[in-house]
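Below you'll find the structure, written out as structure tokens, and then a few comments.
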Protein chains: 2
Amino acid sequence: MAQLTERKQLILAIITERYIATGEPVGSKAICAQMGNAISSATIRNDMADLVEMGYLAQPHTSAGRIPSQAGYRYYVDNLMTNYELGIDEQARIKIWLQSFSGEPDKLLEKAGSILAELTNCVAVSTSPSDAEAIIKRIELVPLSKNTAMIVLLATSGILKSAVVRSDTEINVDIAEVFYNICQTYFNGRNVSDISIPFIQTLVASLGDKVFIMSPFLCAVADLCEAVKNTEVHLKGQNNILNHPELSEDAFGLMGFLHRGTPLENMLTSHKNPLNVAIGTENTYRELKNSTTIFSKYSVGDRDSGSIGIIGPTRLDYAHLIPTIRYLAGVIGSLLTETLDNE
Amino acid sequence: MAQLTERKQLILAIITERYIATGEPVGSKAICAQMGNAISSATIRNDMADLVEMGYLAQPHTSAGRIPSQAGYRYYVDNLMTNYELGIDEQARIKIWLQSFSGEPDKLLEKAGSILAELTNCVAVSTSPSDAEAIIKRIELVPLSKNTAMIVLLATSGILKSAVVRSDTEINVDIAEVFYNICQTYFNGRNVSDISIPFIQTLVASLGDKVFIMSPFLCAVADLCEAVKNTEVHLKGQNNILNHPELSEDAFGLMGFLHRGTPLENMLTSHKNPLNVAIGTENTYRELKNSTTIFSKYSVGDRDSGSIGIIGPTRLDYAHLIPTIRYLAGVIGSLLTETLDNE
DNA sequence: GTTAGCACTCTTTGTGTGCGAGTGCTAACT
DNA sequence: AGTTAGCACTCGCACACAAAGAGTGCTAAC
């Protein structure tokens with residue numbers, strides 16, 4: 001990475017911040033004015049030419065001002081930007097609002113996504129906690145009517161899943177007891193990854209005449225375990241795509257990408273850094289080549305459980321957004337961990 | 001409503017269907033050809049001029065073909081259109097896919113929305129069953145950990161709601177029993193509209209020293225009753241807005257409308273007909289002035305419980321969509337009713 | 001290394017022209 | 001009276017061209 005003189009850094013910072021704020025290319029005169037006319041616009045033009053050569057700036061066309069290139073944003077984020085600090089009131093507002101959902105992880109992450117979309121005017125994406133290594137803590141069967149019951153599965157990492165099961169036969173106390181015995185023997189304390197459909201099949205074989213009655217319940221348990229392992233992706237603020245004129249060209253492709261599901265899920269589960277900023281083509285998927293993604297992991301206890309973040313144009317207010325997302329992920333992690341520790 | 005000669009009806013039908021299919025204004029020659037050149041284009045032009053005068057057709061500009069006006073679509077839907085009949089395989093596919101969610105009404109309607117969005121390439125909106133007159137059938141408390149429990153409320157109209165509650169004190173058998181007693185005495189068999197926060201407050205007063213322990217649970221019950229009364233709106237296929245070029249102008253406003261929530265909810269709860277088609281300015285909200293909304297109610301037992309339908313451009317394949325939505329609403333109703341009757 | 005001055009480039013906006021599609025009207029026909 | 005052929009007309013679209021404005025790049029001087 002080539003070294004930049006202090007003045008060039010200043011110029012890059014001014015251009016980046018002005019462009020982020022206004023969306024207009026920045027000309028040499030404007031910079032000159034912002035620097036108090038300490039140096040002339042010609043000098044700045046020389047520096048800008050150098051910055052273009054080095055790849056940090058781009059010009060939409062010859063007679064326009066300059067805008068940051070992808071590399072320019074990257075340099076800004078890595079070296080020039082001073083992180084904004086969230087006000088105590090902002091922090092409190094977020095925390096209090098989320099606190100009420102701390103018992104329901106899935107809902108908590110959905111709401112966190114909504115908040116983030118609201119705060120950032122971007123598309124917010126969040127994943128519910130998932131953990132292929134989670135251990136089943138308990139399974140409850142709640143009879144709802146003659147033929148239906150709810151099954152609730154509680155696992156480590158604060159994960160909670162439930163489903164409603166229909167049975168062809170009446171669900172009575174006997175059946176509940178058989179179910180609890182099975183749970184006690186085969187499920188509780190086991191890793192969710194062990195409870196696959198084949199496993200259920202071998203288990204079922206040993207049940208004798210209860211097979212037909214129990215199998216819907218056991219299949220439901222297997223489905224719930226599957227749900228624990230799988231990431232559930234929440235999308236919020238899709239309408240914000242249209243807020244950003246620079247995305248409107250890609251809007252269609254982006255929307256398609258968001259709804260295709262799998263690539264988005266991959267992206268959320270594969271990023272390595274605790275907080276990952278991918279600008280433009282730094283993104284793995286080419287649908288995002290004009291977008292920036294900022295994602296943070298959140299941890300329950302000492303395990304990374306999921307991610308939350310945003311997708312927006314490359315022209316983003318990084319200085320505000322990065323700390324906001326970092327804070328939000330922190331709150332989510334601590335709320336979930338807290339709930340867990342209280343058990 | 002002025003009478004139309006048979007030929008004018010035919011011309012209107014041809015224009016409407018061609019325009020729906022192609023999106024291009026239809027000229028006199030094309031119609032002439034489609035009618036097997038039985039009459040000349042000049043005659044058709046005369047008729048078209050009349051239809052414009054009567055308000056059924058519009059012309060984007062003098063030298064373009066004609067397109068149906070709002071009134072034209074209305075006339076087409078009311079008098080000219082022949083409803084498409086869903087194939088048995090289509091019917092079966094929809095039914096089988098939805099059947100698996102019949103125990104969870106909220107999920108069922110969310111999935112039904114997804115299916116509808118997929119089938120129609122429009123924005124699909126659905127409401128979960130809600131009923132201010134619903135009667136509480138039972139309430140269950142499922143202890144999850146020392147400090148958390150899930151409360152499940154089952155009401156008439158097949159409504160099922162649940163929430164997780166945190167308590168500062170340990171949730172033991174005693175507390176569960178007190179809770180069940182309260183449910184038995186004050187909640188079960190009552191109308192959900194009776195269980196308001198003030199009601200809880202008066203109830204709490206009679207609890208003596210259990211007040212602080214019980215109040216989070218009772219508040220949760222009140223919240224769940226509130227949720228039973230309130231319509232929960234599911235939005236699906238928002239990306240489809242961008243599929244329709246004629247909406248792209250309004251896309252921003254439409255997205256805003258969809259996310260504002262309340263007006264959308266009003267629209268869904270207020271339409272009178274079992275199946276309601278509102279074309280353009282027939283819609284109550286001016287954000288929808290270039291859109292068509294098609295909504296159908298679905299009934300659980302003999303009560304209207306919710307709605308499902310679509311929002312799209314006025315240029316819609318009415319002949320396919322109306323029967324599809326009608327069928328879907330029927331399936332939802334019968335699935336929910338069935339589940340209910342089996343109890 | 002910095003600056004003033006100026007020609008140059010490129011976008012934006014407005015205007016004019018030709019082309020094509022489809023109409024509206026008139027006069028003739030059945 | 002209803003239908004038809006013929007033709008002038010209108011309008012949108014595509015394209016070209018010119019003028020204005022913004023900002024640059026370069027050169028020569030400081």
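The sequence lines fix the lettering, A, B, ..., with proteins before strands; numbering per chain opens at 1. Quick note: numbers below take in every heavy atom, side chains included, and nothing from hydrogens, waters or symmetry partners.
- For D/dG25, one of the phosphate oxygens OP1 or OP2 lies less than 4.0 angstrom from a side-chain nitrogen or oxygen of A/Gln59.
- For A/Arg66 and D/dA22, the shortest distance from a side-chain N or O to OP1 or OP2 is not below 4.0 Å.
- Scanning atom types as modelled, one donor and one acceptor separated by under 3.5 angstrom connect the side chain of A/Arg45 and the base of C/dG5.
- Relative to the side chain of A/Ser28, the nucleotides D/dA5, D/dT24, C/dT3 differ in distance, and D/dT24 lies closest.
- B/Ile31 places its CD1 atom 17 Å from the C1' atom of D/dT3, with the value rounded to the nearest Å.
- When Watson-Crick and G-U wobble pairs are counted only if both distances are under 3.5 Å, D/dC30 pairs with C/dG1.
- Atoms CD1 (B/Ile44) and C1' (D/dT4) sit 12 Å apart, rounded to a whole Å.
- The one candidate from B/Thr292, B/Thr16, B/Asn83 that meets the side-chain hydrogen bond (donor to acceptor under 3.5 Å, both in side chains) condition with B/Tyr318 is B/Thr292.
- Distance, A/Ile11 CD1 to C/dG1 P: 15 Å, rounded to whole Å.
- In this structure, B/Asp47 atom CG and D/dT4 atom P are separated by 10 Å, rounded to whole Å.
- Each of D/dC11, D/dT4, D/dG21 was ranked by its minimum atom distance to the side chain of B/Ser63; first place goes to D/dC11.
- Closest to the side chain of B/Met48, from the set D/dT4, D/dG21, C/dT23, is C/dT23.
- For the pair B/Leu51 CG and C/dT23 C1', the computed distance is 15 Å after rounding to whole Å.
- Neither side chain, B/His259 nor A/Gln238, offers a donor N or O lying under 3.5 Å from an acceptor on the other.
- Ion pairing between a basic and an acidic side chain is recognised when a charged N comes within 4.0 Å of a carboxylate O; A/Lys236 and A/Glu110 show such pairing.
- A donor-acceptor pair under 3.5 Å is formed between the side chain of A/Thr120 and the backbone N or O of A/Leu116.
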Begin from the C-alpha positions of B/Arg18 and B/Glu24 and carry the test salt bridge (Lys or Arg N to Asp or Glu O under 4.0 Å) through to its verdict.
CA-CA 8 Å; B/Arg18 266 188 99 98; B/Glu24 304 277 303; over 6 Å; no

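- Rounding to whole angstrom units, NE2 of residue B/His61 and P of C/dG20 are separated by 15 Å.
- Note on A/Ala64: only backbone sugar-phosphate atoms sit closer than 4.0 angstrom, heavy atoms only; bases stay farther off.
- As the counterpart of D/dC7, C/dG24 is assigned, both hydrogen-bonding distances of the Watson-Crick or G-U wobble pattern falling under 3.5 Å.
- Residue A/Thr43 has no polar side-chain atom (N or O) positioned under 4.0 Å from OP1 or OP2 of C/dG1.
- Distances shown here put a side-chain N or O of B/Ser40 below 4.0 Å from the OP1 or OP2 atom of D/dT4.
- A/Asn46 places its CG atom 11 Å from the P atom of C/dG1, with the value rounded to the nearest Å.
- Atom CZ in B/Arg18 sits about 14 Å away from atom C1' in C/dG22, given to the nearest Å.
- Taking only side-chain nitrogens and oxygens, A/Thr62 comes nearer than 4.0 Å to OP1 or OP2 of C/dC10.
- The side chain to side chain contact (heavy atoms under 4.5 Å, CB included) test with A/Leu288 singles out one residue from A/Leu264, A/Asp250, A/Leu254, and that residue is A/Leu254.
- Under the Watson-Crick or G-U wobble criterion, with both distances below 3.5 Å, D/dA19 is paired with C/dT12.
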